[in-house]
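From a predicted model like this one, the values you see are computed outputs, not experimental measurements.
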Amino acid sequence: MIMKNLSLLFLSVILLSCASIKPQAQSSSNKDYIIKSVEKHKSALIEISDQIWGSAEMAFEEVKSAKLLADYATANGMKVTIGVAETPTAFIAEYGSGKPIIAVMGEYDALPGISQKAVPTKDPLEAGKGGHGCGHNLFGTGSLGSAIAVKELIEQGKLKGTIRFYGTPAEEKYFGKLWMAREGLFDDVDVCLDWHPSAKTTANVQSSLALVDFIVEFFGQAAHASSDPWNGKSASDGLELFAQGINYQREHIRPTVRIHYHIQDGGQVVNVVPDYAKMWTRVRDTKREGMLEVYERVKEIARGAAIMANVDYKITLVSGLHEILVNRTGGAAMQKNLETLGAITYTQQEEMFAKKIQEATGKPQVGLDATINPLAETKEHPGGGSTDVGDISWVVPEIRLGVTTAPVETPWHSWAVVACGGMSIGHKGMVYAAKALGMTMVDLFENPQLVNDVKAEFKERKGDSVYKAILPEGPPPIPAHILNGN
C-alpha cells in the first residue's frame, strides 16, 4: 500500500511538472512562429513602409497610407472597418472572437517641410514637401505586421481571443486618437501595445508631457498706418503684447513646463494698421494638473493683452493630451522578449551611413545603438515630447516599446530621421519591433495572470481619475478635400 501511494505521489509530481512546463513550451513555439511570420511578411512590410514614406501625407490626409495598411490587413484575412470616429483615414482591423482583446496601434502621418531622400546628407526628395521625420511609416507598418502574425496563430487555434489593430491618423498635429477614444473604440480592450521609432531599443516605461493646443485671435480696426493711425486699433499690438506676456511668464513657471507659439497671421502690409492677428499656442507639463494651471494663466495674459491694445480677442481650444500612464508590469514582459530577441545587428555600410548622418547634424560620430537597454527606473518628471498614446493609456493599460531606427543623438522631426526611415536602418528597426510586439502579445494571450497583473497596476496608477478627452465639441477637423473625396 505504501509503495502504491508513493507511486501515485510520484506520478502526480510528474503530471504537475508537465503541466507547469507545457505553457512554457507552448509559448516558445508560438513566439518562434511570430518571428517566422514576420520574416515571411518582411518584404511586403518593407514595400508598404517605403510607399508610405514616399507619400508622406499630413494629418488627416493619409488616404494612400491608410489604404495601403487596410488593404494588407484585408488581404491577410482581417476584418477591416474604415472611417471610424468620423475620420476617413482612421480604421480598425481585427480577427478572432472573445476575450482577451489585445490591441496594437499604428501611426502613419508625416511632418511638413522635411522631404528627404534616403541619403546621409540633406537633400530633399521634393523641396517643400513633407517627410516622415518621426518614422511613422515604420510605426504603422511594423504594428500591423505583429497583428497579422498573431492573427495567424489564432487562425491555427494556437491562441484564443481577439487581435485588433488600430490605424490612428494625425498624431503630429490634431491627435486623431482623441476622437477614437471619445467614441469608446478602446473601451472593451484588455491591453494595448504600441512602439515608436527611436535612437535606442528599450521597453519604454517613461511618461510623456501633457499638452493643450489653442488658437488666440485678436480683432481690431484697420486704418492707414501713416495718415490716420489714431483711427486704428492694432490686432498685431495685441498679439505682440500676448507674446511678451508669455515670455515674461517663463521666469515664473516650473522647469517642467514648456510654452510654444507660432504666429500664423500678424498683418498683411506695413502701411495698414492690422485688424486681425492670430497665434497658435501650446502649453505642456509633465502632469496634466500643472499644464492646466499654466493654461489658465496664459488665457489671462491673452485677456490682458487685448485690454492693453484696446482690441477684442478670442481663444479656441484645438485639442489637448494626457501624459502617459506608465505600466511597468507590461514593460517587464516586453523587456524579457527584447532580451530573447537580442540586439539588432548592422552592416558596416549601415554604420557608415549612421556616422555620416551624425557628421551632417553636428553630432559625435558614434554610429548606432546596437544594445538592448535595461528596463529603466520610471522618472517622476520626464522630459521629451507628447503623444496621443497618453490618452489611450488612461482608457486601457498600455505597453510601450522604442526601437532603434536612427543613429544616436539624431535630431528628431528632422530630415535625418526621414533619411533613415527610407533605408535598411529603419527597415531593420520596424521588423524587430513587429517581432517584439508579437511575442509580448503571445504572453498576454497565453497568460491570463499577466493580463490581470497589467490591469491591476493600471487601476492602481489611475486611481479615481475619470478620463475625459480635452477636445472641443464636434467632429475632427478633417480637410474639406478629404471629406469630399478629392
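Between Arg400 atom CZ and Asn204 atom CG the span is 5.0 Å, to the nearest 0.5 Å. To the nearest 0.5 Å, atoms CZ (Phe186) and OG (Ser393) are separated by 11.0 Å. Expressed to the nearest 0.5 Å, how far CZ of Arg182 lies from CG of Asp391 amounts to 11.5 Å. For the atom pair Thr256 OG1 and Leu209 CG, the distance stands at 8.0 Å (nearest 0.5 Å). Ser115 contributes atom OG, which lies 9.0 Å from atom CG of Asp123 (distance to the nearest 0.5 angstrom). The distance from atom OG of Ser55 to atom NZ of Lys67, rounded to the nearest 0.5 Å, is 12.0 Å.
Remark: the Asp369 side chain and the Thr404 side chain contain no N/O donor-acceptor pair separated by less than 3.5 Å. Under the 3.5 Å distance criterion, with hydrogens and angles disregarded, no donor-acceptor pair is assigned to the side chains of Thr162 and Glu94.
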side-chain contact (heavy atoms from CB on, under 4.5 Å) evaluation trace for Phe445 with Ile154
CA-CA 10 Å; Phe445 277 104; Ile154 295 174; 4.1 Å; yes
Run the salt bridge (charged side-chain N to carboxylate O under 4.0 Å, His left out) check on Lys99 and Asp188 step by step: do they pass?
CA-CA 9 Å; Lys99 292 283 191 173; Asp188 62 344; over 6 Å; no
Run the side-chain contact (heavy atoms from CB on, under 4.5 Å) test on Glu39 and Val431 for me, step by step, so that the C-alpha distance in whole Å, both residues' side-chain angles and the decisive distance to 0.1 Å come before the verdict.
CA-CA 8 Å; Glu39 285 293 323; Val431 170; 4.1 Å; yes
Ile357/Lys363 under side-chain contact (heavy atoms from CB on, under 4.5 Å): CA gap, chis, key distance, verdict:
CA-CA 8 Å; Ile357 288 278; Lys363 303 297 180 183; over 6 Å; no
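Val389 places a side-chain heavy atom less than 4.5 Å from the side chain of Glu107. Residues Met291 and Arg282 are not in side-chain contact: their nearest non-hydrogen atoms beyond the backbone lie 4.5 Å or more apart. Side-chain atoms of Met423 and Val119, non-hydrogen and from C-beta on, never get closer than 4.5 Å to each other. Between Ile101 and Arg164, the closest side-chain pair of non-hydrogen atoms falls below 4.5 Å. Val212 places none of its side-chain heavy atoms less than 4.5 Å from the side chain of Leu292. Looking at heavy atoms from C-beta onward, Ile102 lies out of side-chain contact with Val150 at the 4.5 angstrom threshold. Residues Tyr166 and Ile392 are not in side-chain contact: their nearest non-hydrogen atoms beyond the backbone lie 4.5 Å or more apart. Here the side chains of Cys420 and Thr405 are not in contact, with every heavy-atom distance at 4.5 Å or above.
At least one donor-acceptor pair under 3.5 Å links the side chain of Asn484 to the backbone N or O of Ala480. A side-chain donor-acceptor contact under 3.5 Å links His132 to the backbone of Ile52. In this structure a side-chain-to-backbone donor-acceptor pair under 3.5 Å is missing from Arg288 to Asp285. Between the side chain of Asp109 and the backbone N or O of Glu171 there is at least one donor-acceptor pair closer than 3.5 Å. Judged by distance alone, the side chain of Asn30 and the main-chain N or O of Val442 form no donor-acceptor pair under 3.5 Å. Thr378 contributes a side-chain N or O that, together with a main-chain N or O of Val205, makes up a donor-acceptor pair within less than 3.5 Å. Panel note: side chain Gln206, backbone Glu377; a donor-acceptor pair is recorded below 3.5 Å. Formation of a donor-acceptor pair under 3.5 Å by the Glu398 side chain with backbone atoms of Gly390 is not found in this model. A distance-only check finds a donor-acceptor pair linking the side chain of Gln358 to the backbone of Val366 [under 3.5 Å]. For Trp412 (side chain) and Ser198 (main-chain N/O), no donor-acceptor pair under 3.5 Å exists by modelled atom type.
Heavy atoms from other residues, nucleotides or ligands lying under 6.0 Å from NZ of Lys64 number 12 at most. More than 12 non-hydrogen atoms from other residues, nucleotides or ligands lie less than 6.0 angstrom from NZ of Lys462. For Gln449, the CD atom sits in a packed shell: over 12 heavy atoms of surrounding residues, nucleotides or ligands are nearer than 6.0 Å. With a 6.0 Å radius and a threshold of 12 heavy atoms from other residues, nucleotides or ligands, Glu460 has its CD atom at or below the threshold.
The pair Glu446-Lys158 does not meet the salt-bridge criterion, since no charged nitrogen lies less than 4.0 angstrom from a carboxylate oxygen. The pair Glu339-Lys336 does not meet the salt-bridge criterion, since no charged nitrogen lies less than 4.0 angstrom from a carboxylate oxygen.
Taking all atoms of both residues into account, the shortest heavy-atom contact from Met441 to Ala147 is CE-N, 4.3 Å. Closest heavy-atom contact between Ser143 and Trp195: OG-CD1, 3.3 Å. Between Thr201 and Tyr432, the shortest heavy-atom distance links the atoms CG2-CE2, 3.8 Å. When all heavy atoms of Asn137 and Trp53 are compared, the closest pair comes out as ND2-CB, 3.5 Å. Closest of all the heavy-atom pairs between Glu323 and Ser208 is CB-O, 3.3 Å. For the residue pair Gln335 and Pro374, the shortest heavy atom distance occurs at NE2-CA, 3.7 Å.
The aromatic rings of Phe165 and Phe91 sit tilted relative to each other, their planes meeting at an angle between 30° and 60°. In this pair, Phe60 and Tyr174 present their aromatic rings parallel. The plane angle is below 30°, not in the 30 to 60° band.
Within the structure, the salt bridge (Lys or Arg N to Asp or Glu O under 4.0 Å) test picks out the following pairs touching residues 136-154 (sequence neighbours left out): Lys40-Glu152, Lys151-Glu155.
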For residues 75-88, which side-chain donor-acceptor pairs fall under 3.5 Å, sequence neighbours excluded?
from: Asn76; atom 1: ND2; to: Tyr72; atom 2: O; distance (Å): 2.9
from: Thr87; atom 1: OG1; to: Ala85; atom 2: O; distance (Å): 2.9

Could you list the donor-acceptor pairs under 3.5 angstrom formed between side-chain atoms of residues 470-478 and any protein atom two or more places apart in sequence or on another chain?
none

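Here the rule is side chain to side chain donor-acceptor pair (under 3.5 Å) with Ser65, and of His136, Gln51, Glu57 only Glu57 fits it. For the side chain to side chain donor-acceptor pair (under 3.5 Å) test with Lys31, the passing option among Thr340, Thr440, Asn337 is Asn337; the others fail.
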